[in-house]
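A short write-up of the structure that comes next.
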Amino acid sequence: MAQSVGIKDVARAAGVSVGTVSNVINRPDSVATETRARVLSAIDRLGYVRSESARQLRAGRSRIMGLLVLDMGNPFFVDVARGAERAAREDGLGVMVCNSAQSASEEAEYLSLFAEQRVRGVLLTPTDASGRNIDSFRRHGIPFVLVDRVAEGTTECSVSVDDVAGGALAVRHLVDAGHRSIAYVSGPPGLNQVRDRRTGALNALAEAGLGPDNLRELPTERLDVAAGRDAGARLLGLADRPTAVFCANDLLALGVLQAMYAAGITVPDDLAIVGYDDIEFAAAAAVPLTSVRQPAVTMGALAAELLLEETEVETTGKRHEHRRVVLQPELVVRRSSLAAR
């Protein structure tokens, strides 16, 4: 195994002190031109790479921001990461993206990793409904911002979308199209987003004078296409099959769409489908998918900006106040829900 090259090796090769090498790296203008050239030549020849982590630990200030999301296989979270990365890069920071895979234990492991690495701060979409992981991480004193989740009962910042309003948009659209029996493919019940979208759906039914019995909930363990296909199979097995389905995200909706296609069920004539998130694949589906759009890139960027503002209080002297930013969703209507009834 090749041995790593250290600053002492560079100093020995250039015939200078370790302090001179440090000055060339960190304060090059303080070193004579000829000496600086000799040190840079040694660095290039030996392939020396400075230890950024060690430098950060000495300075007490990391240039890395952590981002922990539920599922990087979901394009929604890819867009959140894009927004966060853009804002971080403008401030000279990088983003360490991690995927909890909707597992509370994996979430805990990644939060411990962030603490060990002493990241500047963390953007977090929590999966642990108990809140224990957040409580444990809070003891490290590392700032964090909740993403796609309202910071209820905490003092931290959060950036989210009004999911109650989003659920209402979806089901109000279906009711206006004449549907009176609607299924809700909901995902894991422990997630706040899932519960809020269901609340919005029930609100829309109540507005139309319809009761909660008009909404048939089909929970799933995950929020992916495979879970959607499974829910679609269960939907097909119902004796009194609903005429429309609202899914807690687009991946579930695409899975339901696949199940209907395989069974010869026509969308939207036999079954209308509405998803949530409006990922890129929604418009490109075999039957373009009606979906509730979340401003994912904006959400990630705003969350990163709030985190940067909080972590730069010491250097800028600006006062930071924790804020809860709630963005509004938008219904994007496509062919999957447009059949006349």
Side-chain angles (χ1 to χ4, degrees), residues 69-70 74-77 79-80 83 125-126 129 145-154 156-180 182-212 214-220 223 242 244-253 256 272-280 282-283 289-303 306 323-334 336-338:
V69 299
L70 297 181
N74 186 339
F76 167 76
F77 288 112
D79 286 342
V80 169
T125 303
V145 173
L146 299 183
V147 184
D148 195 31
R149 180 71 58 84
V150 177
E152 297 175 346
T154 71
E156 283 77 25
C157 290
S158 65
V159 181
S160 62
V161 166
D162 188 340
D163 283 318
V164 174
L169 283 174
V171 171
R172 190 179 297 123
H173 167 69
L174 292 172
V175 169
D176 288 345
H179 297 282
R180 294 297 179 268
I182 300 169
Y184 176 43
V185 178
S186 60
L191 293 178
N192 287 2
Q193 298 96 320
V194 167
R195 295 197 299 269
D196 287 349
R197 291 166 197 178
R198 179 179 182 274
T199 297
L202 292 173
N203 289 348
L205 289 174
E207 290 172 7
L210 301 171
N214 294 81
L215 190 72
R216 299 278 297 276
E217 185 167 1
L218 297 173
T220 64
L223 290 163
V245 58
F246 166 45
C247 298
N249 77 358
D250 285 342
L251 296 182
L252 290 172
V256 171
I273 302 177
V274 176
Y276 205 104
D277 290 340
D278 195 34
I279 62 176
E280 184 177 355
L289 185 65
T290 294
S291 184
V292 178
R293 175 179 293 166
Q294 297 199 81
V297 174
T298 299
M299 189 184 304
L302 286 174
L306 286 173
R323 299 193 294 280
R324 297 179 183 177
V325 179
V326 180
L327 305 174
Q328 291 303 308
E330 172 190 0
L331 182 69
V332 181
V333 178
R334 300 190 181 95
S336 71
S337 64
L338 283 180

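What you are looking at is a predicted structure, and each value in this text was computed from that prediction instead of being measured. All values below were derived from every heavy atom in this structure, side-chain atoms included, with hydrogens, water molecules and symmetry-related copies excluded. One-based numbering along the sequence shown.
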Please report the closest heavy-atom contact between Leu218 and Ala183, naming both atoms and the distance.
CD1-CB, 4.5 Å
I'd like to know if the side chain of Arg216 and the backbone of Ile182 have a donor-acceptor N/O pair within less than 3.5 Å.
no
Closest approach of Ala253 to Cys247 (non-hydrogen atoms, all atoms of both residues)
CA-SG, 3.5 Å
Check the pair Glu207 / Val171 against side-chain contact (heavy atoms from CB on, under 4.5 Å), numbers first and verdict last.
CA-CA 11 Å; Glu207 290 172 7; Val171 171; over 6 Å; no
Is there a side-chain contact (heavy atoms from CB on, under 4.5 Å) between Leu191 and Leu70 once you walk through the steps?
CA-CA 10 Å; Leu191 293 178; Leu70 297 181; 4.2 Å; yes
Main-chain N/O of Phe76 paired with Asn74 side-chain donor or acceptor, under 3.5 Å
yes
Tightest non-hydrogen contact, residues Ala204 and Ala168, listed as CB-O, 3.6 Å
Any heavy-atom pair between the side chains of Gln294 and Leu327 that's under 4.5 Å?
no
Could you tell me if the side chain of Arg149 sits less than 4.5 Å from the side chain of Ser160, heavy atoms only?
no
Plane angle bin for Tyr184 and Phe246 - parallel if under 30°, tilted between 30 and 60°, otherwise perpendicular:
parallel
Answer yes or no: does atom CD of Glu280 have more than 12 heavy-atom neighbours from other residues, nucleotides or ligands under 6.0 Å?
no
4.5 Å side-chain heavy-atom contact, Leu251 and Asp277
no
Kindly indicate whether the side chain of Val69, heavy atoms from C-beta on, has any atom under 4.5 Å from the side chain of Val147.
no
Give the minimum heavy-atom separation between Ile273 and Ser337, together with the two atoms involved.
O-CB, 4.0 Å
Rounded to the nearest 0.5 Å, how far does CG of Leu169 lie from CG of Asn203?
11.5 Å
Any chance you could lay out the side chain to side chain donor-acceptor pair (under 3.5 Å) test for His173 and Thr290, step after step, and finish with the verdict?
CA-CA 10 Å; His173 167 69; Thr290 294; 4.6 Å; no
Between Leu223 and Pro188, is any pair of side-chain heavy atoms under 4.5 Å apart?
yes
Closest heavy-atom pair and its distance - Leu215, Ala201:
CD2-CB, 4.0 Å
Just how far is it from atom CZ of Arg293 to atom CG of Asp278, taken to the nearest 0.5 Å?
4.5 Å
Thr125: what forms a side-chain hydrogen bond (donor to acceptor under 3.5 Å, both in side chains) with it, not counting sequence neighbours?
none
Report the residue from Gln328, Met299, Glu330 that forms a side chain to side chain contact (heavy atoms under 4.5 Å, CB included) with Val161.
Met299
Would you find a donor on one side and an acceptor on the other, under 3.5 Å apart, between the side chain of Ser336 and the backbone of Ala272?
no
Using modelled atom types only, decide if a donor and an acceptor are shared between the side chain of Gln193 and the backbone of Asp148 within a distance under 3.5 Å.
yes
Check: Arg197 side chain, Ala248 main-chain N or O, donor-acceptor pair, under 3.5 Å
yes
Checking the side chain of Asn214 only, and the main-chain atoms of Arg180 only, is there a donor and an acceptor separated by less than 3.5 Å?
yes
Donor-acceptor contact present, side-chain Asp250 to main-chain Ala282, <3.5 Å:
no
